[in-house]
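Atoms considered below: every heavy atom in the structure, side chains included; atoms not considered: hydrogens, waters and symmetry mates. Everything numeric in this text was worked out from a predicted model, so none of it was measured. A, B, ... follow the sequence lines: proteins, then strands. Residue 1 opens every chain.
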2 protein chains.
Amino acid sequence: MATKPRSVGREAPRIGGTFVHFSVANEIGQRIVRGDYPPGTILPNEAEWSAMFGVGRSVVREAIKMLMAKNLLASRPKIGSWVEPRERWNLLDREVLTWYAASPERRTFLKTVQEFRYIIEPEAAALASQRRSETQMEAISKACHEMGTARTLSERTAADTRFHLAILRAAGNELLLPLGALIDSALEGLFVFVTREVNDLRHAQDLHEEIERCIRLQRPEAARKAVRRLLANTDAVIATQDSGGSGVRSAVGAS
Amino acid sequence: MATKPRSVGREAPRIGGTFVHFSVANEIGQRIVRGDYPPGTILPNEAEWSAMFGVGRSVVREAIKMLMAKNLLASRPKIGSWVEPRERWNLLDREVLTWYAASPERRTFLKTVQEFRYIIEPEAAALASQRRSETQMEAISKACHEMGTARTLSERTAADTRFHLAILRAAGNELLLPLGALIDSALEGLFVFVTREVNDLRHAQDLHEEIERCIRLQRPEAARKAVRRLLANTDAVIATQDSGGSGVRSAVGAS
DNA sequence: GTCAATATATTGTCTGATAAATCGGATAAA
DNA sequence: TTTATCCGATTTATCAGACAATATATTGAC
């Protein structure tokens, strides 16, 4: 069973468990967001991609349809496929955001996302403090507590993410949750973590617990302010690493 | 040119100017969001869709890839395609939101979107009042003025949309703009308009102009409050129509 | 020089065939 | 009886080759 014949009739049709059209979409999408093909550019035609990646034309077509669904490109007969203007891109898409995070504009990306959190999260916390059910409150408290007792950094980050998502869920708006999940997954995708001294960690934990308390006590305005304090703290961390580090594994966590 | 021969060699490969795979994706997507196939359901297979719509298999496959790109479904050999759980859907997508708006849950949708605007737009206005450039300010003022002088309702609505988008653009966050465009297009997709008496229209116009003024004078906090007032006004309209109307062409505009 | 017909290149669509993956049942073994 | 293994069937994944539709570019006519 360990060594099945595996009769490879053709060249590997799959790569690492994901399907080929997915890989191709990923590759082309990344190139577009990265800026290899600026908006307005006519992309290589189907045949060229096909030859370039060594896959069938249908695979290329399906990959392109996936990118069309994200508004990264459009196409018409005889013209070819072209990159859509940036404003049309569906930036609120997990994959697109991931590609963005991996692009040379990573710095801009970080600032944009961080600012975006200033808009979303305070309000979410306020809503959550008004509407959270008991079960939702438990989930929030549990995640918060687990953040405090986490032994490894990745454990802590995971709990942090759960904490934020639990708040968004408790806010009870169907559009808020995907938005938060989007941001979290984009940041997570950077594979970078907050590297703070213990003091900072302790401080961050206090800030999280304050948020938890505000939501428990159902105090919207206080919750809003608490979240703002937490975000300001993260800002400071970003700023530090930004100015200080050259290529220092710079740094933002889910918190 | 009006009556080209059109030599239809085969059965109409296109429908109303849009390509077939697009129509098919639209149809299947709408059915999923509408709830015809609840999450977890195995969808009809390629051959069935193909026969059902009278199109080739490649068209079905490409349509399905587009829906996969929106996380509405996933598929694997021998299993077929199944509807993904709702939490995975990319609700922050223009088309998905449009399908949602057209579903039986339209009521829920309206409430969710309206609440969402409470979160986004006040902050956007505050940011805009701090960062708007002169050109951006001109765009905002122009749209606001055109709202006041519009002769038809649809003209007014269009100007209203421009007004909101101009503010979001001036806020200078790359993630904010798609979000606003998303909301506007979703509401617009409802094909419903605010039907107020002249008094209400006048009042709404005043509220818009107040926002414009706050942004011009660069007063973030005042802008925030002005937007909240505008939204509250819209809320009232929705509530009225909600309780009053049976099927009364009920009602939300871009404002 | 302007306008119309034609050539051409590219995507859109259809069809048929092979590969891969997995479910379900049948069969064999403990 | 229960468990493990194998085989067949079904469905998507992929390939390959064809024709249709369409818009640009070229060419020709006036």
Side-chain angles (χ1 to χ4, degrees), chain A residues 1-28 40-69 72-84, chain B residues 1 4-28 40-69 72-84:
Chain A
M1 185 190 287
T3 59
K4 237 203 274 188
R6 263 296 178 178
S7 73
V8 181
R10 201 177 288 165
E11 320 90 325
R14 294 178 42 164
I15 301 172
T18 73
F19 292 103
V20 179
H21 56 253
F22 195 81
S23 308
V24 172
N26 211 65
E27 182 61 31
I28 300 180
T41 310
I42 300 288
L43 294 170
N45 61 29
E46 292 174 354
E48 289 177 78
W49 288 124
S50 183
M52 202 179 307
F53 293 123
V55 301
R57 200 167 80 104
S58 61
V59 168
V60 172
R61 288 188 57 74
E62 285 165 20
I64 286 183
K65 289 297 170 298
M66 294 176 83
L67 299 177
M68 284 173 80
L72 255 62
L73 54 82
S75 67
R76 277 162 72 188
K78 165 64 186 174
I79 306 292
S81 301
W82 63 89
V83 178
E84 288 274 36
Chain B
M1 185 188 288
K4 235 201 276 187
R6 260 301 177 174
S7 74
V8 181
R10 203 177 285 165
E11 315 89 326
R14 295 179 39 165
I15 300 173
T18 73
F19 291 103
V20 179
H21 50 79
F22 195 81
S23 307
V24 172
N26 212 65
E27 182 62 31
I28 299 180
T41 309
I42 302 288
L43 294 170
N45 62 29
E46 292 176 359
E48 289 176 80
W49 287 125
S50 183
M52 202 179 307
F53 292 124
V55 301
R57 244 177 40 255
S58 60
V59 168
V60 172
R61 288 187 59 71
E62 285 165 20
I64 285 183
K65 289 298 171 297
M66 293 175 83
L67 299 177
M68 283 172 84
L72 256 62
L73 54 83
S75 66
R76 274 156 75 187
K78 163 64 185 176
I79 307 292
S81 302
W82 63 89
V83 178
E84 288 274 35

Rounded to the nearest Å, what distance is computed from the [atom1] atom of residue [X] to the [atom2] atom of nucleotide [N]?
{"X": "L73(B)", "N": "dT11(D)", "atom1": "CG", "atom2": "P", "value": "17 Å"}
{"X": "E46(A)", "N": "dT14(D)", "atom1": "CD", "atom2": "C1'", "value": "15 Å"}
{"X": "F19(A)", "N": "dA19(C)", "atom1": "CZ", "atom2": "P", "value": "17 Å"}
{"X": "H21(A)", "N": "dT12(D)", "atom1": "NE2", "atom2": "P", "value": "13 Å"}
{"X": "N45(A)", "N": "dG12(C)", "atom1": "CG", "atom2": "C1'", "value": "14 Å"}
{"X": "W49(A)", "N": "dC15(D)", "atom1": "CH2", "atom2": "P", "value": "16 Å"}
{"X": "E48(A)", "N": "dA9(C)", "atom1": "CD", "atom2": "C1'", "value": "12 Å"}
{"X": "I79(A)", "N": "dG12(C)", "atom1": "CD1", "atom2": "C1'", "value": "14 Å"}

Contact under 4.0 Å: [X] side-chain N or O vs [N] OP1/OP2:
{"X": "R76(B)", "N": "dT22(C)", "answer": "yes"}
{"X": "K78(A)", "N": "dG12(C)", "answer": "no"}
{"X": "S75(A)", "N": "dT10(C)", "answer": "no"}

Ignoring hydrogens and angles, answer whether the base of dT11(D) and the side-chain atoms of R57(B) contain a donor-acceptor pair closer than 3.5 Å.
->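 Checked by distance alone, the answer is no.
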
Among dT11(C), dT22(C), dT12(D), which nucleotide sits nearest the side chain of P77(A)?
->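 Nucleotide nearest to P77(A)'s side chain: dT11(C).
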
Closest nucleotide among dC14(C), dA13(D), dT11(C) to the R61(B) side chain = dA13(D)

Taking C-beta and beyond as the side chain, do [X] and [Y] meet within less than 4.5 Å on heavy atoms?
{"X": "S75(B)", "Y": "F19(A)", "result": "no"}
{"X": "W49(A)", "Y": "I28(A)", "result": "yes"}
{"X": "F53(A)", "Y": "V59(A)", "result": "no"}

Classify the nucleic acid contact of S58(B) as base, sugar-phosphate or nothing, counting any heavy atom under 4.0 Å across all strands shown.
-> base

Give the minimum heavy-atom separation between A25(A) and L67(A), together with the two atoms involved.
->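 Reported closest heavy-atom pair: O-CD2, 3.8 Å.
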
Heavy atoms of S50(B) and R57(B) approach each other most closely as OG-N, 3.8 Å

